[in-house]
Amino acid sequence: MNPAFLKKVKRNDRIARWVITVGGMAIIFSVIFILILIAEVSLPLFLSPDKDLHASFQLEGRAAEEKILAMGVDEYLETGYRLDQAGRVNFFNIADGSAIDSLQLVSDTGSRRLITAQTYGRLNHMLVWDDGSVTIERVKFFPFFDEADDNQRSIRHELEHRAIFAPPSYGLPVKTMARVNDEGRQVRVDLFRSGIFQITIIEEEESLFGAGERVQESHQLEIDSVGEVTAMTLSTDGIKLYLGTSKGEILRWDLSEIDHPVLEETTQAFLDQREITALNMVFGDVSLIVGDQQGGVSTWFPVRDADVGWKLTQIHQLHGHAHAVQDVQPSPHDKSVLSIAADGINVSHMTSERFLVNIANGAEKIEAFAQSTRGNGIITLSDHGTVQSWKLDIPHPEVSLKTLFGKVWYEGYPEPTWAWQSSAGTDDYEPKLSLTPLIFGTLKGTFYAMLFAVPLAIFGAIYTSQFARPKFKGIIKPAVEVMAAIPTVIIGFLAALWLAPLIERSLGSMFLSLILVPAALMLSIALWQGARKLSPLKQVERGYEFLVIAPVIVLAVAIAAILGPGLEDWLFAGDLKQWLFNETGTRYDPRNCIIIAFAMGFAVIPIIFTISEDSLSNVPPSLKAASLALGASRWQTVWRVILPSASPGIFAGTMIGFGRAVGETMIVLMATGNTAIMDLSIFNGMRPLSANIAVEIPEAPVDGSLYRTLFLSAVILFIMTFIVNTVAEIVRQRLRAKYGRF
Amino acid sequence: MTAVINENPIIQVNNLKFFYPGDARALHGIDLSFPEKNVTALIGPSGCGKSTLLRCLNRMNDLIDGCRVEGEITLEGENIYGKNTDIIELRRRVGMVFQKSNPFPKSIYENVIYGLRIAGEKDKKLFDERVEKSLKAAALWDEVKDRLQESALGLSGGQMQRLCIARAIAVNPKVILMDEPCSALDPKSTARVEETIKDLRDDFTIIIVTHNMQQAARVSDHTAFLFEGNLIEYGLTDQLFVKPQVKQTEDYITGRFG
């Protein structure tokens, strides 16, 4: 060879090697890059919460001031306020403590001193005055741009006087709790030193002429408990009342009826009779937070019990304290719980039972604290007069591995479950983000689709490659491959709007054909054994069997379609679906796994068929000849020689089909019904990961828990297909080493 | 021309005509009889129809779509192209070894007993016995007896071909057809396979197609020379090679064409 040409050949060889290497690496890197990109979005779900002390200062003029009863902070973490015994609300800049403004609260009865204050909801303060009257005040912040002052942003604050409760006739109460709801219904509960317990409810009664008439009812009751009442809480709407006692009992009252408060139950919450020191309601007013003498913090709600009706049950045990719990507070925007004891404030999330942060001011004792309504900040006041302002960064308190994959006992549920329900109509709704039913749904849909597709595709491939005439194969193979080109949205559309109603109408016929078709096939084969003695028919046999089989199948399906309704009438009282529900408790969803098996099977069959057919056809003819020459029948040859030799290819085809079914989105989206249930029944639908992402991502707030959880589910989908493909490749290599030389 | 050797024939071919699809005639009326427990070689230039004739003997040509056979072949007096012939039964009696060795992707052991297994045999003792006997007959036993369970694909080319012979004889056929069994082998392996063929002569009727005239001369008792679909000359190997009766035969074996 001439040297110049040789050089050129070598150069081209080098270039080709580089291009191929770079191309291959680029593919690997881009796949890894995509995975990293997706994982990076979901990763913050698992970041630990962060707290940051961004201001700490001594309160000005502390000595002159009265005792501080309550504090508050706006949602922008700019302005804080403190409420003192004189009824003065002092606003201050929480960055440095400089005073901004001061407002004076006035009790309608003229008294000017406060005994206690309790904060609830969004900066609502329930204030008990020294004459026994109670008012409910709300502090409001309005940011605005001041035109007079060069459009500077400043915050206006206002006090909203929401309700006033007259003093009780028994003198000063020991404990008082009052709430007002949006319709003006006022509930006040007082406990007096004498042991008398009074519930006062004021309602606007609707009259026929529109003008409301105020109705007041008071009930004096005796408390029937072993210990004395040590803690008390009312729901924000004033309907649920809980009392805790020094002997560990919880009393649950229902105050929904104005003239008849009902003690629903008295529960011995703690068997060791520890004192209940603090009670409050979790945001949403369903769960009760219980803080106890031994530092335990737990949440409770009534669960329906078959024997005793609704029974208050401990649901979650949260991170506790080393000392007795002084107070418990709900977060005003999610299911987080704050508890305060001598060792500081603990923030935990109820549902995930995650302990988020602890806030303490060294050796100084926290006297008052307030949290911002967004849950992003807490200010504390210590007994030394130090105000500390903490910024909290708790991105996804409700998410933990347990809530994502384990059974979680959600509020209002009778037992722990896996649930996916990301949104609902109300603001206090808690998203339920369990991925387990979605993974289950993916596997279930794939399983039924493969159950339908794999035998059909592989036997079809065997027949086409080994038994059918080559001319026939030349038609059938491209035809099946064209099936793969049908957009899945069309398959899904047909499955949902044509197939689902059809199968729902003719369920009986469908099951009948499951029996009739194989029976008819058996019968026709038996008949054929007789008929093939006639030599003209024998000529048909080789490679044209389908000409005999196809009409038999069509006929069997037709007979099933005709007999189906009659059979349903006769055996299942006219309605197989109703019968199924009555007899087995199985609910029939119109969009179910039968539909998915057909529709997704239809999408997967071409892949499995084509790859299997190729690998079957690629088995060297010499092997087939060797087997036939030894006196093997065609079927024996296929079963013992062709299939094992083609098994790596068939397996690979099946796995690629499996991967396709796992990732398939459009068909399942349209034809599954998208209910995230965990039920293996073929008559139910499911919600697979892929369809779930498609459904939810447009509505998921960017960087929210739902958004990140959806990305996490994408990672899981990625990992699932990765595992399937890796296992498939390993098995394929093994099979190839065993059977292959080709 | 016809040559019939009436020395206890096991296969009798009478006026056999074979047409490939599209009526391309490959055999023009062959009359031939193969004596039992003898080695008969079919020789002739490429395309003369010797392989076609061989494949007619166990109806492997049936696999070709659209081919047609006229005439008659009898195996032990029975027409194998008759209406009631069981092809499976026929192929058990007429085994075949192919040009390119084609062991199954299974163990050596499983390869040998394949014919027995597909016949529904399940007796493990019979399997062991037959494996040993067949491998010994194919002169492979000593080389593979310690690795019977290993894949047959790990054997050398010559060993694979002898394994194919062992596989063919394991079902105890009457006739073994060999279609250029040594054409893909090196001289040393060829010699071993030829040795094997000679040894098998006592128990089986062997019909071998070969391109190699020295091989035909070495291993066969009778030789048939085919040319363009016709049987030109048939006789004892010694006579045919030393003193051919027909000019074409002489031209071919002396290397003037082919």
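What you see is a predicted model, and the numbers here were worked out from it, not measured in a lab. Quick note on labels: first sequence line is chain A, next is B, and so on, each numbered from 1. We use all heavy atoms of the structure for the numbers below, so side chains are in, but hydrogens, waters and symmetry mates are not.
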Is there a side chain to side chain contact (heavy atoms under 4.5 Å, CB included) between A:Ser622 and B:Phe98? Walk through the geometry before answering.
CA-CA 8 Å; A:Ser622 66; B:Phe98 295 83; over 6 Å; no
Step by step, would you call A:Leu630 with B:Phe104 a side chain to side chain contact (heavy atoms under 4.5 Å, CB included)?
CA-CA 12 Å; A:Leu630 281 162; B:Phe104 299 122; 4.1 Å; yes
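For CH2 of B:Trp141, the number of neighbouring non-hydrogen atoms (other residues, nucleotides, ligands) closer than 6.0 Å is greater than 12. Environment of CZ in B:Arg25: crowded, with over 12 heavy atoms of neighbouring residues, nucleotides or ligands closer than 6.0 Å. Counting heavy-atom neighbours within 6.0 Å of A:Lys473 NZ, excluding the residue itself, gives a total above 12.
If you measure heavy-atom distances from B:Val97 to chain A, you find no contacts under 4.5 Å at all. Residue B:Arg167 touches chain A through both its backbone and its side chain, counting heavy-atom pairs closer than 4.5 Å. Contact of B:Arg93 with chain A is not made at all, since no heavy-atom distance falls under 4.5 Å.
Distance check: A:Ser633 OG to B:Ile87 CD1 gives 11.5 Å after rounding to the nearest 0.5 Å. Atoms CG and CG, on B:Asp62 and A:Leu628 in that order, are 10.0 Å from each other to the nearest 0.5 Å.
In terms of non-hydrogen atom pairs under 4.5 Å with chain A, the most contact-rich of B:Met60, B:Gln99, B:Met96 is B:Met60. Options A:Pro470, A:Pro621, A:Pro644, A:Ser627 differ in how many heavy-atom pairs under 4.5 Å they form with chain B, and the most are formed by A:Ser627.
In this structure, the side chain of B:Lys106 engages the main chain of A:Arg640 through a donor-acceptor pair within 3.5 Å. At distances below 3.5 Å, not a single donor-acceptor pair connects side-chain atoms of B:Asn102 with backbone N or O atoms of A:Leu623.
Closest approach of A:Gly631 and B:Ile88 over heavy atoms only: O-CG2, 3.0 Å. The shortest non-hydrogen separation linking B:Tyr114 to A:Thr637 is OH-CA, 4.1 Å.
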